[in-house]
Student: 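Next up is a structure, given as structure tokens.
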There are 2 protein chains.
Amino acid sequence: MKETAQILREKGLKVTPQRIAVYNMLLNSTEHPNAETIYRALEPTNPTMSLATVYKTLDYFKQLGLVQELNVGEGSSRYDAVVKCHPHTVCMQCGKVQDLFLDELTEIHKKVKEELDFQVNCEQLILYGICGDCRKNKIEA
Amino acid sequence: MKETAQILREKGLKVTPQRIAVYNMLLNSTEHPNAETIYRALEPTNPTMSLATVYKTLDYFKQLGLVQELNVGEGSSRYDAVVKCHPHTVCMQCGKVQDLFLDELTEIHKKVKEELDFQVNCEQLILYGICGDCRKNKIEA
DNA sequence: CTGGCTGCAAAGTTTTTGCAAAGTC
DNA sequence: GACTTTGCAAAAACTTTGCAGCCAG
């Protein structure tokens, strides 16, 4: 696996501890954290880290295609280091956000192009519902 | 067509000029306005209308299923009086947001249920791209 | 060194809240 | 008349900005 430092350098960014920390946190997490969550996770190990830097860093990363911003209807944006367009499920009970990969979407792109003359670049599909765990807990309760 | 006043009454809401105005504006527009836009559109005819009331009204409507909130990645939320879950296209050039109806999504719901044990209630599919008009203008320019 | 990066605090946006006055039923 | 709803202003929540000092290359 490529070094985070090298990836940043290739994108023309200076390599700083803050940037490495943010990117690694996103790579090693599946929870799609928001800026605040990233900040709080990194604060203990990077005592000088500031929330503004997290925002600035995420903004750079987003523009350089290193991360994807995701808004599932909460107040704040979540971030995902998986950059390729892919759907997400959002559990309306526990709030968990999970990745998902579906082939069916390419067909939809084609159809929309033909029928509406709309050229799709990227899509965001958010499936709201109740995850298996929460359904189980509901029945037990 | 059912009277707006009657719809509100059936939902257990008191009928006020502000609520009628907001709901009618959403019904008669296809632009998926945000709270600010609604407010500015109604201000001339409803001089006492306030932005806070627009927000409160939209919040009631959302909870009662009269409108749908839509976040396409701008700072603010847009609102749609078409309540049934349906996809939207967002033109990355002109910003236009359009409705779309696709049957393919029911299949996706079924697949996600079977493979991930995730029960989908509602989905939000946003297709980002360039609309026909903008592509035409680009070629001409 | 030098230009980009950080961290702070202040400001900007969007949305929510508290409460007195007004309006609905 | 009882109880909501409104509108104002203040506050909250999230994000961006300005700038002095710091750090990577």
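What you see is a predicted model, and the numbers here were worked out from it, not measured in a lab. Below, read A as the first sequence line, B as the second, and so on, with proteins coming before strands; counting in each chain starts at 1.
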Student: How would you list, by chain and number, every residue that makes a disulfide (SG to SG under 2.5 Å) with B:C122, sequence neighbours excluded?
Tutor: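 Testing B:C122 for disulfide (SG to SG under 2.5 Å), a comparison that skips the adjacent residues, returns B:C85.
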Student: For the pair B:E36 and B:R40, evaluate salt bridge (charged side-chain N to carboxylate O under 4.0 Å, His left out) and give the outcome as yes or no after the intermediate values.
Tutor: CA-CA 6 Å; B:E36 182 79 32; B:R40 278 212 288 266; 2.9 Å; yes
Student: Rounded to the nearest 0.5 Å, what separates atom CG in A:L13 from atom CD1 in A:I7?
Tutor: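 Interatomic distance, A:L13 CG to A:I7 CD1, rounded to 0.5 Å: 11.5 Å.
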Student: At less than 4.0 Å, is any side-chain N or O atom of B:S77 found next to OP1 or OP2 of C:dT15? Yes or no.
Tutor: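 Checking C:dT15 against B:S77, a side-chain N or O does come within under 4.0 Å of OP1 or OP2.
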Student: Would you tell me if any nitrogen or oxygen in the side chain of A:T16 comes within less than 4.0 Å of OP1 or OP2 on D:dA24?
Tutor: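 Indeed not, no polar side-chain atom of A:T16 lies that close.
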Student: Using heavy-atom distances to pick each residue's nearest nucleotide on DNA chain C, tell me which of B:V15 and B:A35 is more 5'.
Tutor: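 Counting from the 5' end, the first nearest nucleotide belongs to B:A35.
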Student: Does B:K136 pair with B:D133 as a salt bridge, N-O distance under 4.0 Å?
Tutor: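 Judged by the 4.0 Å cut-off on N to carboxylate O distance, B:K136 and B:D133 do form a salt bridge.
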Student: Report, one pair per line, the protein and nucleotides 1-4 of chain C atoms (nitrogen or oxygen only) whose separation is under 3.5 Å.
Tutor:
none

Student: By the 4.0 Å heavy-atom rule, please label B:Q18 as base, sugar-phosphate, or nothing.
Tutor: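 Here B:Q18 touches the backbone only, sparing every base.
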Student: Under 4.0 Å between any heavy atoms, over every strand shown, what does B:P17 touch: base, sugar-phosphate, or nothing? Just pick one.
Tutor: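 Since only primed, P, OP1 and OP2 atoms lie under 4.0 Å of B:P17, the category is sugar-phosphate.
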Student: State whether a side-chain donor-acceptor pair under 3.5 Å links A:S77 with A:E69.
Tutor: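 Indeed, the side chains of A:S77 and A:E69 share at least one donor-acceptor pair under 3.5 Å.
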Student: Starting at atom CG of A:N71, determine the distance to atom P of C:dT14, rounded to an integer number of angstrom.
Tutor: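 These atoms are roughly 14 Å apart.
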Student: Is it true that A:K111 and A:E107 have a side-chain N and a carboxylate O under 4.0 angstrom from each other?
Tutor: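 The answer is no: the pair does not qualify as a salt bridge.
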Student: Using a strict cut-off of less than 4.0 Å between a Lys/Arg side-chain nitrogen and an Asp/Glu carboxylate oxygen, indicate whether A:K62 and A:D59 qualify as a salt bridge.
Tutor: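 Yes.
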Student: Please tabulate the protein-to-nucleotide N/O contacts below 3.5 Å involving nucleotides 17-22 of chain C, giving atom names and distances.
Tutor:
residue: C:dG18; atom: O6; partner: B:K56; partner atom: NZ; Å: 3.1

Student: Give a yes or no on whether A:V120 and A:V83 share a hydrophobic cluster (residues Ile, Leu, Val, Met, Phe, Trp, Tyr; joining criterion: side-chain heavy atoms under 4.5 Å apart).
Tutor: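 No, because A:V120 and A:V83 fall into different hydrophobic clusters, even though each may have its own neighbours under 4.5 Å.
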Student: Decide side-chain contact (heavy atoms from CB on, under 4.5 Å) for A:D80 and A:H88; before the verdict, give the C-alpha distance in whole Å, the side-chain angles of both, and the deciding distance to 0.1 Å.
Tutor: CA-CA 11 Å; A:D80 192 337; A:H88 293 88; 3.0 Å; yes
Student: Starting from the 5' end of DNA chain C, give me the residue, B:E69 or B:R9, whose nearest nucleotide shows up first.
Tutor: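 The 5'-side residue here is B:E69.
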Student: With respect to the phosphate group of D:dA13, does any side-chain polar atom (N or O) of A:S76 fall under 4.0 Å of OP1 or OP2?
Tutor: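 For D:dA13, OP1/OP2 do not have a side-chain N/O of A:S76 under 4.0 Å.
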